[in-house]
Number of protein chains: 2
Amino acid sequence: MDKQTVTIYDVAREADVSMATVSRVVNGNPNVKPATRKKVLDVIERLDYRPNAVARGLASKKTTTVGVIIPDVTNIYFSALARGIDDIAMMYKYNIILTNSDENGRKEVQVLNTLMAKQVDGIVFMGNDISDEVRKEFERSKTPIVLAGCVDDQDKMPSVNIDYTAAVEEATKNLIDHGNERVAFVSGSLDYPINRDYRLKGYKQALKKAGLRYDEKLVFETDYSYKAGQLLQPALQSVNATAAVIGDDELAAGVMNGVTDAGLNVPEDFEIITSNDTKLTEMVRPKMSSITQPLYDIGAVAMRLLTKLMNNEPVENKTVLLPYGLMKRASTH
Amino acid sequence: MDKQTVTIYDVAREADVSMATVSRVVNGNPNVKPATRKKVLDVIERLDYRPNAVARGLASKKTTTVGVIIPDVTNIYFSALARGIDDIAMMYKYNIILTNSDENGRKEVQVLNTLMAKQVDGIVFMGNDISDEVRKEFERSKTPIVLAGCVDDQDKMPSVNIDYTAAVEEATKNLIDHGNERVAFVSGSLDYPINRDYRLKGYKQALKKAGLRYDEKLVFETDYSYKAGQLLQPALQSVNATAAVIGDDELAAGVMNGVTDAGLNVPEDFEIITSNDTKLTEMVRPKMSSITQPLYDIGAVAMRLLTKLMNNEPVENKTVLLPYGLMKRASTH
DNA sequence: AATCAAATTGAAAACGTTTTCAACTCGATA
DNA sequence: TATCGAGTTGAAAACGTTTTCAATTTGATT
């Protein structure tokens, strides 16, 4: 973009055609004679012309960039989703603008507005909650938005998830079937619908079906950090919990290491099922049993869904539930 | 950008000023009378005018986006660097366009060109190697580029690292001081200067200073994956290695679990020092001793260095070495 | 009141590409 | 040869903002 930049005007002059023809050649428009096309391509190569994507974005109203709002790129779960998003984005010739939100509602609104100002063609939103302010921005947006690993309790937004309720129900049932009568539910904030209305619901259903009473004292709210998990061991012990379903792998690793560092054995004294099946479940010892989520696929399918929305392609299902499973490793019997 | 979008023309007309005045107000130019400024701001609020950042980028030749080339966002080391980059970027009002390169030279060139086309104001490059093709693109680029966690053996590029040679020397010395005479060096590809010319050099220096002979059979090249680490245990045993300096934490976790799963004890039978001090070192058992790198700071300082280059601010030092240390945990005596 | 300098404002060009629609070209047909 | 329709090309406007420099305004001074 300085004095020496080759512009479409230079190519047109050198090839003795109009700028419109150069544009047609560059963009693969078929309405160009082969001889003209060759002439233009030769000049493009000779001058090493590189189209300015910003100008193209302004003129064509498509920037080929997609905004991705991620709570924390260092979290193993979210980074796996991001990887799926980026790979499919690249496949469809998009680039992602990545913004960390820290699950801070004010920051989420701020980055949403920044992404809109940058005229992104679409947005993938990851997070645990859709605040009222964020929802208001979603509703006013003409840019398609897809949720990944994030539920919309109003079910208005396109989203890709697993059936968290059924998955947690199955995990809880598994622990109950092992004879555990004191199964703890360790979760992020219950202000978040994904935790309160989906995961906790599955936990309660499993208890009910097993004829076990729901005990609030077995429900633990915390942030999703390893440290918080470690600190939970005394509280879990004080309520005589013998097992736990835990909502995040790093948190679960903290709980597990807190338990074993306290001299108890996993799974003999305390069984653990975590929720994300990240690579961490294989690295810690004992290996952790987990609800299996296809993390990469959640990201990939969300991005693919977004490309359909951006291109006004028909979409069968705006709420996609991918398969889940239960991977038994050494943290359960 | 559709029929209903409020443009600077709408604001100017409504406020009865020129577009230039609206632009001056929006961009905080002081040459506007307070009364005029207020009038314009009122209209901006009433019409909910949102400046188009793409148009601004074209006109001003600054996009306020920064390209970040990362080998794999799911890698714990790189994602921590990315976090530092993004936080400082946001502080300076930039957004990052994140591109996974998979350390594939062809893909690196491709994403470099895409980022240049998108007129990013600067680029942060993470990776283990600068291929000739990539270097050629760097040299032709008028956009400032900073390396983060990546060394330039030609020392031409601005970069932020630690002194890998000294760090590995110290780690190796530590293992030798424990009485190990068969210390293995487990590394990514030795085609990469960071491994061959920096880390291996530190390893060799420690051996030499200890009067130990360098034995090629104690040097292992592999990719940086947990799986590859696990598979290394038999080979390490076959050369009678009693300790290892390992170049990546996920790789080290694999080696360590391979060793302990084979029935040996860490550190009694085999000592391990890893290199990145990611959160993984605390999660595995035993906790891993590590060269300490300020990962977040490498990213943050790289981004800050880039903002200086982008703004033509004076830069004292284009090659920044941040402090390192040695954190002793339970994988060493 | 006239002058001057500083501050403010506006018109138009610039940024680099895409799009639109009229004009032109080409080849087939009568 | 003339006509017609399809294909190709080009001129100019569009996209929405910033920048430049001339014109205008304002306030202070003589």
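Quick note on labels: first sequence line is chain A, next is B, and so on, each numbered from 1. For clarity, every value in this text was computed on a predicted model and none was experimentally measured.
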Asks: Base, sugar-phosphate, or nothing for A:Val17, non-hydrogen atoms under 4.0 angstrom?
Replies: sugar-phosphate
Asks: Could you state the CD-P distance from A:Gln119 to D:dG16, rounded to the nearest angstrom?
Replies: 8 Å
Asks: If you only use heavy atoms from C-beta on, which nucleotide in D:dT9, C:dT9, C:dA11 is closest to the side chain of B:Arg24?
Replies: C:dT9
Asks: For the ring pair B:Tyr224 and B:Tyr77, is the centre-to-centre distance below 6.0 Å?
Replies: no
Asks: Just jot down the salt bridge (charged side-chain N to carboxylate O under 4.0 Å, His left out) partners of B:Glu45, sequence neighbours excluded, or say none.
Replies: none
Asks: Just compare D:dT17, C:dT18, C:dG16 and give me whichever is closest to any side-chain atom of A:Arg56.
Replies: C:dT18
Asks: Once rounded to the nearest 0.5 Å, what's the spacing between atom OG1 of A:Thr7 and atom OH of A:Tyr49?
Replies: 7.5 Å
Asks: Calculate the interatomic distance between B:Tyr9 atom OH and D:dA14 atom P; express it in whole Å.
Replies: 11 Å
Asks: Whole-Å distance between C:dT9 P and B:Asn29 CG?
Replies: 10 Å
Asks: Tell me: NZ of A:Lys62 to C1' of D:dC15, nearest whole Å?
Replies: 14 Å
Asks: Please report the distance, rounded to the nearest Å, between CD1 in A:Ile8 and P in C:dC15.
Replies: 15 Å
Asks: Between C:dT17, D:dA11, C:dT8, which nucleotide gets closest to the side-chain atoms of B:Asn31?
Replies: C:dT8
Asks: When you measure from the side chain of B:Thr21, which nucleotide among C:dG16, C:dT9, D:dT18 comes out closest?
Replies: C:dT9
Asks: Under a 3.5 Å threshold, yes or no: a donor from one side chain and an acceptor from the other, between A:Thr99 and A:Lys107?
Replies: no
Asks: Would you please confirm or rule out a distance under 4.0 Å between OP1 or OP2 of C:dG16 and any side-chain N or O of B:Lys61?
Replies: yes
Asks: Measure OH/A:Tyr49 against C1'/C:dT17 and give the value in whole Å, please.
Replies: 7 Å
Asks: Rounding to a whole Å, what distance do you find between A:Asn52:CG and D:dC15:P?
Replies: 19 Å
Asks: Run the salt-bridge test on B:Asp297 and B:Arg304 with the 4.0 Å N-O cut-off and return the result as yes or no.
Replies: no
Asks: What nucleotide among C:dT18, C:dT20, D:dG16 has an atom nearest to a side-chain atom of B:Ala55?
Replies: D:dG16
Asks: Using five pairs at either end of the helix from C:dA1-D:dT30 to C:dA30-D:dT1, determine the angle between the two local helix axes and round it to 10 degrees.
Replies: 50°
Asks: Looking for any heavy atom pair under 4.0 Å, which part of the strands does B:Val22 touch: base, sugar-phosphate only, or nothing?
Replies: nothing
Asks: Starting at the 5' end of DNA chain D and moving along, which residue's nearest nucleotide shows up first, A:Met19 or A:Lys33?
Replies: A:Lys33
Asks: Look at atom CG of A:Asp16 and say whether more than 12 heavy atoms of other residues, nucleotides or ligands are closer to it than 6.0 Å.
Replies: no
Asks: Pick the closest DNA chain D nucleotide for A:Pro30 and for A:Ala20 by heavy atoms, then say which residue is nearer the 5' end.
Replies: A:Pro30
Asks: Any base atoms under 4.0 Å from A:Val32, or only sugar-phosphate, or nothing? Heavy atoms, all strands.
Replies: sugar-phosphate
Asks: In whole angstrom, what separates A:Asn27's CG from D:dT9's P?
Replies: 15 Å
Asks: Write out all pairs satisfying side-chain hydrogen bond (donor to acceptor under 3.5 Å, both in side chains) with one or both partners inside residues 29-40 of chain A, taking only residues at least two apart or from two chains.
Replies: A:Lys38-A:Asp42
Asks: Check every atom of D:dG16, C:dT19, D:dA11 against the side chain of A:Ser60 and return the nucleotide holding the closest atom.
Replies: C:dT19
Asks: Is there a side-chain polar atom (N or O) of A:Thr36 under 4.0 Å from OP1 or OP2 of D:dT8?
Replies: no
Asks: So, taking the atom named OG in B:Ser23 and the one named CZ in B:Arg56, what distance separates them when rounded to the nearest 0.5 Å?
Replies: 7.5 Å
